[in-house]
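The structure appears below as structure tokens.
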Number of protein chains: 2
Amino acid sequence: METNPGAPLFVSGLETHLGYWLRQVSNAVSGSFARSLKSRQASVAEWVLLRSLFERKQSTPSELAHSLTMTRGAISKIVDRLQTKGWITCKTSSDDNRVQLLALTGAGRRAIPILAKIADENDHKFFSCLDAGERSELRNLLGKLAGYHGIRDVPVE
Amino acid sequence: METNPGAPLFVSGLETHLGYWLRQVSNAVSGSFARSLKSRQASVAEWVLLRSLFERKQSTPSELAHSLTMTRGAISKIVDRLQTKGWITCKTSSDDNRVQLLALTGAGRRAIPILAKIADENDHKFFSCLDAGERSELRNLLGKLAGYHGIRDVPVE
DNA sequence: TATTGTTATACTCTATAACTATA
DNA sequence: TATAGTTATAGAGTATAACAATA
């Protein structure tokens, strides 16, 4: 695509991209969450995986990759770290020797409410400047976007 | 923090964190944008910096670091890449030899509408499932959050 | 052949901290 | 001393692609 070098350069709505705002706010929220999680030697991606495992009780790397919209390679790396931390276990399925069954350990289950509290506090820090109606509206809009675009890890409500 | 191992494990509102939804949706939007920008050999952070420079006409690494809430080191690396691509120039201020003045080159200015079009298309792809009122509501909510938390690169409207 | 999972490699984004050069 | 900027290092997060084991 070429533009006429003599023409005045008008770029429509440069400041209006919703994606831009979404990224700025999301980065601030997740960055703050990541810093808080460090006190428990955890990362955001680890929390997301633990949280999924907590809801499902048991899962496999492939299932998680699908539901979290990540590659199996990415899941594998996080699973590795969580095993090293002793928060999850991994055992071969008796039905299919290729399949690894992941589950929380006792330590992993005990970590959940601790990390959830950090998530609660972070959410409160960022979103308590909105009133309940606004938070609900934001949740609806994000849920609508997630649903529409097949962002899959939708909690069963 | 310790939990009673015998007690039933109830984690309040695990699925309700707004930060979680924000991150899932933002990652999908920015990931898609990043993939589209690749066709023009550009990254999201590069676009954000170019866009800032376009709005300010001229700036310095320190100013950008402040307005984009990034470290000077991070800015420095992106500036490097943009110079290599021939999209921005860098000259020492005559007022203060420590200060570098950054500005778009002709090629950089010509890249802006091309990249802006990719941003437009990406925004359309993700947000056209919302109606105008919902998009406006989302914009207001994100703007409110950004304002409240000192996310600084607020376009002058 | 297709699928599950791992590994190797690489890139983006970002931070921290040490450093250089100016002021 | 303080500030502007760079550089070195590190780590999170992610992807691609080659690979091994199993089906």
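Computed from a predicted structure; not experimentally measured. Below, chain A is the first sequence line, B the second, and so on; all start at residue 1.
Whole-Å rounding puts the A/Ile75 CD1 to C/dT7 C1' distance at 16 Å. Spacing between atom CD1 of A/Ile88 and atom P of C/dG5 amounts to 12 Å, rounded to whole angstrom units. The nearest whole Å value for the distance from the CG atom in B/Asp96 to the C1' atom in D/dT3 is 8 Å. Atom pair B/Leu102:CG and D/dA4:P shows a separation of 14 Å (rounding to whole Å applied).
Considering only side-chain atoms of A/Gln100, the nucleotide from C/dT7, D/dT22, C/dG5 that sits closest is C/dG5. Distances from the side chain of B/Lys77 to the nucleotides C/dT12, C/dT22, C/dT14 place C/dT14 closest. Residue B/Thr71 has its side chain nearest to C/dT16 when only C/dT16, D/dT7, C/dT22 are considered. Listed nucleotides C/dA23, C/dG5, C/dA15 differ in distance to B/Arg98; the shortest reach to its side chain belongs to C/dA23. Listed nucleotides: D/dA23, D/dT6, C/dC13. Nearest to the side chain of B/Val44: C/dC13. Nearest to the side-chain atoms of B/Arg23 among the listed nucleotides D/dT14, D/dA15, D/dG5 stands D/dT14. Of the candidates C/dT14, D/dA21, D/dG5, the closest approach to any side-chain atom of B/Ala45 belongs to C/dT14.
Across all strands shown, B/Gly31 has no heavy atoms under 4.0 Å from either base or sugar-phosphate atoms.
OP1 or OP2 of D/dG13 lies within a sub-4.0 Å distance of a side-chain N or O belonging to A/Ser43. Between A/Ser62 and C/dG5 there is a side-chain N or O to OP1 or OP2 distance below 4.0 Å. In terms of phosphate contacts, A/Asn27 brings a side-chain nitrogen or oxygen within less than 4.0 Å of OP1 or OP2 of C/dT14. Within the structure, a side-chain polar atom (N or O) of B/Asn97 is placed less than 4.0 Å from OP1 or OP2 of C/dA23.
Not a single side chain to side chain donor-acceptor pair (under 3.5 Å) links B/Gln83 to another residue, sequence neighbours left out.
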